[in-house]
Amino acid sequence: MSTAHSLARAVACELAAALPSEVGLGADDIVDLLAKPPKPELGDVAFPCFKLARVLRKAPPKIAAELVPQLQDALSDTSLIAKILATGPYLNFTLDPGRAGALLLPALAGEGSAIDAATQDERLMVEFSQPNTHKALHVGHLRNMCLGDSLVRLLRSQGYPVIAANYFGDVGTHIARCLWWYLDHLSEEQRQPPADNRGEWLGKIYTKAAMALADWEEAGKTDPAAAKRLAEAKARITEILQRLEAREPEITKVWDETKKWSLDDFEEIYRYCDIHFDVRFYESQADEPGLEIVEEFLQKGVFEVSQGAVGIFNPEVKHMPFFMLRKQDGTSLYATKDLALAKLKFDGHNIDRSIYVVDVRQSDHFRHVFLTLEKMGFAQAKACQHVPYEMVELPDGPMGARKGNVVLFRALREQMTARITELHLEKFRGQWSDAEIAQAAHEVALGAIKYGMLARDVNQKIVFDMEAWLDVRGNTGPYLQYVHARACSIIRECAQQSPVVRVEQHTNAAVEACKGLTTLEERELRNALDRFVSTVKVAADELRPSVLCTYLYELSKQFNRFYLACKVKGSPEPLRTGRILLVQATISVLAEGLGLLGIPAPQRM
RNA sequence: GCACCUGUAGCUCAGCUGGAUAGAGCACCGGUCUUCUAAACCGGCGGCCGCAGGUUCGAAUCCUGCCAGGUGCGCCA
C-alpha cells in the first residue's frame with residue numbers, strides 16, 4: 001500500500017508520530033485499526049482505543065479523553081485533522097475539507113488507474129470457464145465465467161502477471177451421447193445446423209439424448225422393451241466412444257465438425273461478455289500425456305495398483321484416501337487429465353501459482369490433485385489454489401436437463417436486453433441512433449448479469465429468478481452504471497456552461513476548491529472514495545469480487561445522496577470546481593471498479 | 001456414517017481477523033421531478049443474528065455441543 005493519495009494512510013502517519021511513544025503503534029498498525037464512525041456527524045475517521053488499554057493500563061474511554069489535548073498539541077498546523085472528538089472509547093477525527101480534498105480528489109480524478117501497485121514477481125494462471133463442447137451454456141456456467149474473469153482483472157490490478165486460461169471438455173461420454181443421437185436419430189436433413197448459434201443447437205441435441213436415456217432408464221425398471229432399448233443405446237454409445245478414442249477417421253471428422261460449432265458459439269459468447277483468454281487447453285490434449293504420467297509414476301512407486309485400477313493413496317483426505325488415476329480398463333479419468341494439464345501449465349507456461357475456478361463440489365478432487373502433484377515433485381503444487389463457488393439454482397431447485405428447467409445464457413441475454421430497451425431506452429429513440437441504443441442495452445444487460453453473478457459471496461448459492469433479475473432497480477449492476485452515467489452527465493452539462501479546469505494534487509487551487517466541501521453528503525462521498533484502493537486489495541487478496549461489489553454499491557448510494565443534496569452546475573466558484581472534482585473522482589473510481597468486475601461503464605444510459 | 005458449506009427482517013442477502021444504537025435490496029404503506037438523467041432520493045413497517053452452553057470488560061462475529069438445509073464421498077466429468 002504505497003498509495004500517495006490515501007487519506008486513511010495520511011491520518012495514520014500523523015497519528016503514529018503524534019501518539020505517545022509508549023503506545024508502540026506504527027502507521028501500518030494504525031491504518032488497520034482505523035474505522036468508519038457509525039454516524040458521519042461524529043467525524044470522518046475513527047480510532048478505537050481498546051488496543052491501548054493494555055499498554056497504558058487505563059480504561060479506553062479515559063484514554064480517548066486524555067489523548068484529545070495531547071494530540072491537539074502534537075499535530076502540526078498543516079495537519080489533515082481539523083477536529084478531534086472523544087466519544088466513549090473512540091477518538092473521532094474530522095478532516096480539514098480543503099487539505100483532505102486536495103490530497104485525494106485530484107489524484108483519483110486524473111487519468112490512469114487509482115491503484116499504483118508494484119509489479120509482482122509471482123506469475124499466476126487463472127483457469128476458468130471450462131465448458132463442455134456439445135453442450136449449451138446456461139446461467140450456471142455464467143457464474144464461473146464472471147468470477148474467473150473478475151479474478152483475472154483484480155489480480156492484474158495488483159501487479160501480478162496473470163495468464164487467463166480456459167480448458168475445454170472436448171472428450172468423454174457426453175460427446176458420445178450427443179453424437180449417438182446426432183448420427184442415429186436425426187435424418188440427413190435434420191443434421192444440418194442453423195446459420196447461427198450452432199453450439200446451442202448441438203447442445204439441445206445432447207439434451208435430447210440425455211433425456212431419452214433417463215426416460216428409458218426409468219421405464220426399463222418395469223418395461224423389458226425399454227430396458228432392451230436402453231442396453232442397445234448404451235452399447236452403441238460405448239462403441240462411439242471407443243471409436244472416438246481410437247481416432248477413427250470417419251467419426252473423428254464428425255467430432256471435429258461438431259466440436260467447432262460449439263467452440264465458435266463459446267467464442268461468440270465470450271466476445272459478447274468481454275471475456276478473454278490467453279491460453280486454451282483441451283481435454284483431448286491431456287488424455288494421452290495423462291496416461292503416460294500415470295505409467296511413469298506407477299514405475300516410480302508413487303502410484304499404486306488397487307483392485308485393478310491405478311491411483312495414489314493420500315491419507316490426508318481421511319474420508320476418501322484413494323485417488324483413482326487410471327480405470328481398471330486402462331482408460332483415463334478427469335483426474336488423469338488434470339495431472340497432465342498441471343504439468344503443461346507448470347512446464348509450458350512457467351507459472352508460480354495456479355488458480356482453479358471450479359464449483360465447490362470439486363473440493364475433494366482438487367485436494368487430491370494438489371497433494372498428488374506435490375508427491376510427484378512439483379514445487380508449484382503448494383501454490384495451487386482451488387476457488388470453490390456455490391451453485392446456481394432455480395426457484396424450483398437445481399437445474400437439470402431431466403427437469404427441463406435449464407435457463408440458457410442466450411435466453412437470459414435476449415430477455416434482459418429486450419426488457420432494458422423497452423423500459424429505459426425507448427425514450428431516447430429518435431434522439432440516439434438505433435446502434436447507440438443497442439450498444440447501451442448490451443452494456444446494461446451485461447452489467448445486470450455480471451453484477452448479479454458477482455455480488456453474492458462465493459459460498460452462497462445463487463437462486464436464479466428471471467423476473468427478479470430483469471428488475472434493474474436497487475442493488476444491481478445497472479444502479480452502479482446509472483450513477484456513472486449521471487456523473488458523466490454532470491460534467492457534460494458543466495462543461496457547456498463554462499470550462500472545467502483541471503486541478504492538480506496538493507496545489508493551493510485544489511485546497512481552495514475543496515474548502516467548501518463541508519456538507520455531510522460531500523464528506524461522506526469523499527470518505528467513500530478514499531476506501532476504493534484498499535477495498536480492491538482485499539477483494540484481490542481474498543479472491544472475492546463480491547467485496548468490491550458491496551463497496552461500489554455503497555459508493556453509488558453515497559453519490560446519489562450527494563447528487564440530490566448538492567448542485568454542481570451553477571454553484572459559485574471555487575465550490576463548483578470542488579464539486580466537479582468529487583464528480584470526476586467518482587466517475588474514475590466507478591469506471592475502474594466496474595472494469596475490475598468486467599462491467600462496462602456507459603457514459604449515458 | 002465421514003468431510004465441507006449454509007442458517008441474520010415476509011423474501012434475497014451484507015456485516016464474521018470480537019468493539020459505538022445489527023445494515024441493504026425486494027415486497028408493503030406514505031412523501032419528493034418548471035434547474036446537472038426519478039434506472040433516483042427521503043420517511044414508515046419489519047430482527048430471541050437457528051438453539052444451548054462457554055471464553056471476554058464486551059459475541060451476529062471466537063470455542064464446544066445440538067438442530068435444520070445443501071453438497072461431496074473408486075472406476076462420470
Side-chain angles (χ1 to χ4, degrees), chain A residues 32 35 37-39 42 46 48-51 53 59-61 87-90 92 130 132 169 171-174 283 306-311 317-335 337-338 358-365 367 388 390-391 393 397-398 420 423-425 427-428 444 447-448 455-463 465 468 471-483 485-494 496-497 546-547 549-550 553-554 556-557 559-561 563-571 579-580 583 604-605:
Chain A
D32 291 338
K39 289 218 181 232
L42 290 169
C49 297
F50 303 104
K51 292 277 185 296
T87 319
Y90 288 87
N92 287 306
Q130 309 112 330
N132 279 334
V171 290
T173 44
H174 69 279
E283 265 188 57
S306 167
Q307 294 171 27
V310 176
V317 185
K318 290 193 197 73
H319 59 285
M320 220 293 285
F322 186 70
F323 186 43
M324 189 184 291
L325 295 163
R326 191 174 80 191
K327 292 190 265 185
Q328 268 183 343
D329 64 8
T331 58
S332 68
L333 291 124
Y334 185 46
K337 295 167 209 164
D338 256 336
V358 182
D359 75 70
V360 66
R361 295 177 302 188
Q362 309 294 332
S363 295
D364 284 340
H365 169 80
R367 265 197 82 195
E390 267 292 350
M391 308 303 292
E393 294 186 0
I420 286 161
L423 239 52
H424 300 292
L425 297 170
K427 63 190 174 205
F428 298 118
V444 176
R456 194 131 315 163
D457 199 73
V458 285
N459 52 17
Q460 289 283 357
K461 261 190 329 206
I462 291 180
V463 177
D465 177 348
D471 185 358
V472 294
R473 294 137 61 225
N475 188 356
T476 64
Y479 178 94
L480 314 189
Q481 293 175 308
Y482 182 63
V483 164
R486 274 177 130 190
C488 288
S489 173
I490 293 179
I491 301 300
R492 275 196 304 270
E493 291 290 321
C494 283
Q496 224 162 30
Q497 176 199 44
S546 64
V547 171
C549 291
T550 303
Y553 175 66
E554 276 163 14
S556 299
K557 207 159 172 52
F559 181 86
N560 274 331
R561 290 200 260 258
Y563 182 92
L564 205 77
C566 307
K567 284 280 175 284
V568 182
K569 186 181 168 186
S571 288
R579 287 181 171 169
I580 285 175
V583 175
R604 52 180 198 174
M605 62 185 265

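When reading the values below, keep in mind they use all heavy atoms of this one structure, side chains included, and skip hydrogens, waters and symmetry mates. Chain identifiers are assigned alphabetically (A, B, ...) following the order of the sequence lines, protein sequences preceding nucleic acid strands; residue numbering begins at 1 within each chain.
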Undergrad: What integer number of Å spans the C1' atoms of B/A27 and B/G10?
TA: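 The answer is 8 Å between these two C1' atoms.
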
Undergrad: So, is A/Y334 close to the B/A77 phosphate, meaning a side-chain N or O under 4.0 Å from OP1 or OP2?
TA: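 Negative; the distance criterion is not met.
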
Undergrad: Under 4.0 angstrom, heavy atoms only, what part of the nucleic acid is A/A46 near: base, sugar-phosphate, or nothing?
TA: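 If one applies the 4.0 Å heavy-atom cut-off, A/A46 turns out to touch a base.
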
Undergrad: What is the nucleic acid contact for A/P48, judged by heavy atoms within less than 4.0 Å: base, sugar-phosphate only, or nothing?
TA: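 It contacts nothing in the nucleic acid.
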
Undergrad: Which part of the nucleic acid, if any, lies within reach of A/K337 when heavy atoms closer than 4.0 Å are counted: base, sugar-phosphate only, or nothing?
TA: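 Since no nucleic acid heavy atom lies under 4.0 Å of A/K337, the category is nothing.
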
Undergrad: In whole angstroms, how far is the C1' atom of B/G7 from the CD atom of A/E390?
TA: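 Rounded to whole Å, this separation is 13 Å.
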
Undergrad: Checking only heavy atoms, does the side chain of A/D359 share a donor-acceptor pair with the base of B/A77 at less than 3.5 Å?
TA: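 Side chain to base: no pair below 3.5 Å.
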
Undergrad: Using OP1 and OP2 only, check whether a side-chain N or O of A/N459 sits under 4.0 Å from B/U6.
TA: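 So the side-chain polar atoms of A/N459 do come within 4.0 Å of the phosphate oxygens OP1 or OP2 of B/U6, strictly under.
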
Undergrad: Taking only side-chain N and O atoms of A/R456, does any of them lie within less than 4.0 angstrom of OP1 or OP2 on B/C13?
TA: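 For B/C13, OP1/OP2 do have a side-chain N/O of A/R456 under 4.0 Å.
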
Undergrad: Report yes if the side chains of A/Y90 and A/P37 come closer than 4.5 Å at any heavy-atom pair, otherwise no.
TA: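 Contact flag for A/Y90/A/P37 side chains = no.
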
Undergrad: Output yes when at least one side-chain N/O atom of A/K557 is less than 4.0 Å from OP1 or OP2 of B/G25, else no.
TA: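 It does, given that an N or O in the side chain of A/K557 lies less than 4.0 Å from OP1 or OP2 of B/G25.
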
Undergrad: Could you tell me the separation between the CG atom of A/L564 and the P atom of B/C41, rounded to a whole number of Å?
TA: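 It works out to 9 Å between those atoms.
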
Undergrad: Please measure how far the P atom in B/G7 lies from the corresponding atom in B/G50, and state the result in whole Å.
TA: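 Taking atom P in both B/G7 and B/G50, they lie 8 Å apart.
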
Undergrad: Taking only side-chain N and O atoms of A/Y479, does any of them lie within less than 4.0 angstrom of OP1 or OP2 on B/C41?
TA: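 Yes, within the criterion.
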
Undergrad: Would you check if A/H319 stacks with the base of B/A3, given a 5.5 Å centroid limit and a 30° plane limit, both strict?
TA: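 It does not: the two rings, one from A/H319 and one from B/A3, miss the stacking criterion.
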
Undergrad: Can you tell me how far P in B/U17 sits from the matching atom in B/U32, rounded to whole Å?
TA: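 Taking atom P in both B/U17 and B/U32, they lie 44 Å apart.
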
Undergrad: According to the 5.5 Å centroid and 30° plane-angle thresholds, does A/F323 stack upon the nucleobase of B/G74?
TA: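 Stacking between A/F323 and B/G74: absent.
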
Undergrad: What's A/V483 touching, base or sugar-phosphate or nothing? Going by heavy atoms closer than 4.0 Å.
TA: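 Counting heavy atoms under 4.0 Å across all strands, no contact is made by A/V483.
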
Undergrad: Base, sugar-phosphate, or nothing: which does A/I462 touch, judged by heavy atoms less than 4.0 Å apart?
TA: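 The answer is nothing, as A/I462 stays clear of every strand by at least 4.0 Å.
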
Undergrad: Is the shortest side-chain heavy-atom distance between A/H319 and A/D364 below 4.5 Å?
TA: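 The answer is yes; the side chains approach within 4.5 Å.
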
Undergrad: How many whole angstroms separate atom CD of A/Q460 from atom C1' of B/A24?
TA: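 About 15 Å, once rounded to whole Å.
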
Undergrad: Measure from NZ or CZ of A/R486 to the centre of the six-membered ring of A/F559, then state whether that distance is under 6.0 Å and the direction lies within 45° of the axis.
TA: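 Not satisfied by the 6.0 Å and 45° rule.
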
Undergrad: Please check if the side chain of A/Q328 supplies one atom and the backbone of A/Q307 the other of a donor-acceptor pair under 3.5 Å.
TA: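 Yes, A/Q328 side chain to A/Q307 backbone: donor-acceptor pair under 3.5 Å.
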
Undergrad: Just checking A/C549: base, sugar-phosphate only, or nothing, at a heavy-atom cut-off of under 4.0 Å?
TA: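 Answer is nothing: A/C549 stays at 4.0 Å or more from every strand.
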
Undergrad: Taking B/A52 as the reference, what is the distance to B/C67 when you measure between their C1' atoms (whole Å, please)?
TA: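 Their C1' atoms lie roughly 10 Å apart.
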
Undergrad: Distance check needed: B/U6 P versus A/M391 CE, whole Å only.
TA: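 Answer to the nearest Å: 16 Å.
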
Undergrad: Rounded to whole angstrom, note down the C1' distance from B/G19 over to B/U6.
TA: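 B/G19 and B/U6 have their C1' atoms separated by 26 Å.
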
Undergrad: Give the rounded distance in Å between these two atoms: CG of A/D471 and P of B/C28.
TA: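 Roughly 11 Å, once rounded to whole Å.
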
Undergrad: Check nucleotides 55-65 of chain B against the protein and report each pair of N or O atoms closer than 3.5 Å, with its distance, or say if there are none.
TA:
none

Undergrad: Could you check which nucleotide pairs with B/U21 in any of the strands shown, counting Watson-Crick or G-U wobble with both distances under 3.5 Å?
TA: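 With both distances under 3.5 Å required, B/U21 matches none.
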
Undergrad: Could you tell me if the side chain of A/M391 sits less than 4.5 Å from the side chain of A/R361, heavy atoms only?
TA: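 When only atoms from C-beta onward are counted, A/M391 and A/R361 do touch, with a gap below 4.5 Å.
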
Undergrad: Using the side-chain heavy atoms of A/D364, tell me which of these nucleotides is nearest: B/G72, B/C75, B/A39.
TA: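 Side chain of A/D364 sits closest to B/G72.
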
Undergrad: Side-chain N or O of A/K327 less than 4.0 angstrom from OP1 or OP2 on B/C76?
TA: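 True: A/K327 side-chain N/O within range (under 4.0 Å) of B/C76 OP1/OP2.
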
Undergrad: Is there a donor and acceptor pair, one atom on the side chain of A/S306 and one on the base of B/G74, closer than 3.5 Å?
TA: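 Pair found.
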
Undergrad: Base, sugar-phosphate or nothing for A/R326? Non-hydrogen atoms, less than 4.0 Å.
TA: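 Nothing: the residue A/R326, judged by heavy atoms under 4.0 Å, touches no strand.
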
Undergrad: Could you check if the base of B/C33 is syn or anti? Syn means the glycosidic torsion is within 90 degrees of 0.
TA: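 Syn conformation for B/C33.
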
Undergrad: Which nucleotide wins on minimum distance to the side chain of A/R486, given the candidates B/A38, B/G74, B/A77?
TA: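 Side chain of A/R486 sits closest to B/A38.
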
Undergrad: With P as the reference atom in both, quote the distance from B/G18 to B/U8 in angstrom, rounded to an integer.
TA: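 Rounded to whole Å, the distance is 23 Å.
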
Undergrad: Looking at B/C76, B/G7, B/C36, which one has an atom nearest to any side-chain atom of A/T173?
TA: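 Of the candidates, B/C76 comes closest.
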
Undergrad: What's the closest nucleotide to the side chain of A/A309 if the choices are B/C75, B/A40, B/A20?
TA: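 Output: B/C75.
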
Undergrad: Have a look at A/V472 and say if it touches a base, only the backbone sugar-phosphate, or nothing, with a 4.0 Å heavy-atom cut-off.
TA: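 A/V472: base contact, heavy atoms under 4.0 Å.
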
Undergrad: As a test of reading the structure: which of B/C41, B/C36, B/G72 is closest to the side chain of A/K567, going by heavy atoms?
TA: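 Ranking B/C41, B/C36, B/G72 by closest atom to the A/K567 side chain puts B/C36 first.
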
Undergrad: Please tell me whether A/N560 and A/Y482 have a donor and an acceptor in their side chains that are separated by less than 3.5 angstrom.
TA: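 Short answer, no.
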
Undergrad: Is there side-chain contact between A/H365 and A/Y334, with at least one heavy-atom pair below 4.5 Å?
TA: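 Yes; the side chains approach each other to less than 4.5 Å.
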
Undergrad: Take atom CE of A/M320 and atom P of B/C75, then tell me their distance rounded to the nearest Å.
TA: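 Those two atoms, CE and P, are 9 Å apart.
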
Undergrad: How do A/R561 and A/T87 order along RNA chain B: which one's closest nucleotide is nearer the 5' end?
TA: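 Counting from the 5' end, the first nearest nucleotide belongs to A/T87.
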
Undergrad: Quick one: is B/A77 close enough that its OP1 or OP2 comes under 4.0 Å of any side-chain N or O from A/Q130?
TA: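 No, A/Q130 has no side-chain N/O under 4.0 Å of OP1/OP2 on B/A77.
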
Undergrad: Ignoring hydrogens and angles, does a donor from either the side chain of A/Q362 or the base of B/A77 sit under 3.5 Å from an acceptor on the other?
TA: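 Side chain to base: pair present.
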
Undergrad: Please work out if A/P37 contacts a base, only the sugar-phosphate, or nothing of the nucleic acid, heavy-atom cut-off 4.0 Å.
TA: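 A/P37: base contact, heavy atoms under 4.0 Å.
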
Undergrad: Identify which nucleotide among B/U21, B/G25, B/A38 has an atom closest to any side-chain atom of A/Y553, counting heavy atoms from C-beta outward.
TA: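 Of the options given, the side chain of A/Y553 lies nearest B/G25.
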
Undergrad: Send over the distance from A/E493 CD to B/U35 C1', rounded to a whole Å.
TA: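 These atoms are roughly 10 Å apart.
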
Undergrad: Taking only the C1' atom of each, what is the distance from B/C2 to B/C13 in whole angstrom?
TA: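 Going atom to atom, C1' in each nucleotide, I get 31 Å.
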
Undergrad: Using a cut-off of 4.0 Å on non-hydrogen atoms, how would the nucleic acid contact of A/D338 be classed: base, sugar-phosphate, or nothing?
TA: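 Answer is nothing: A/D338 stays at 4.0 Å or more from every strand.
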
Undergrad: Whole angstrom is fine here: how far is it from CG in A/D457 over to C1' in B/C13?
TA: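 Nearest whole value for this atom pair: 10 Å.
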
Undergrad: Measuring only between side-chain heavy atoms, which start at C-beta, is A/K557 closer than 4.5 Å to A/Y479?
TA: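 A side-chain contact under 4.5 Å exists here.
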
Undergrad: Between B/A39, B/C41, B/U12, which one does the side chain of A/N560 approach most closely?
TA: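 Per side-chain heavy atoms of A/N560, the pick is B/C41.
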
Undergrad: Can you tell me how far C1' in B/G53 sits from the matching atom in B/A9, rounded to whole Å?
TA: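 These two C1' atoms come out 27 Å apart once rounded.
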
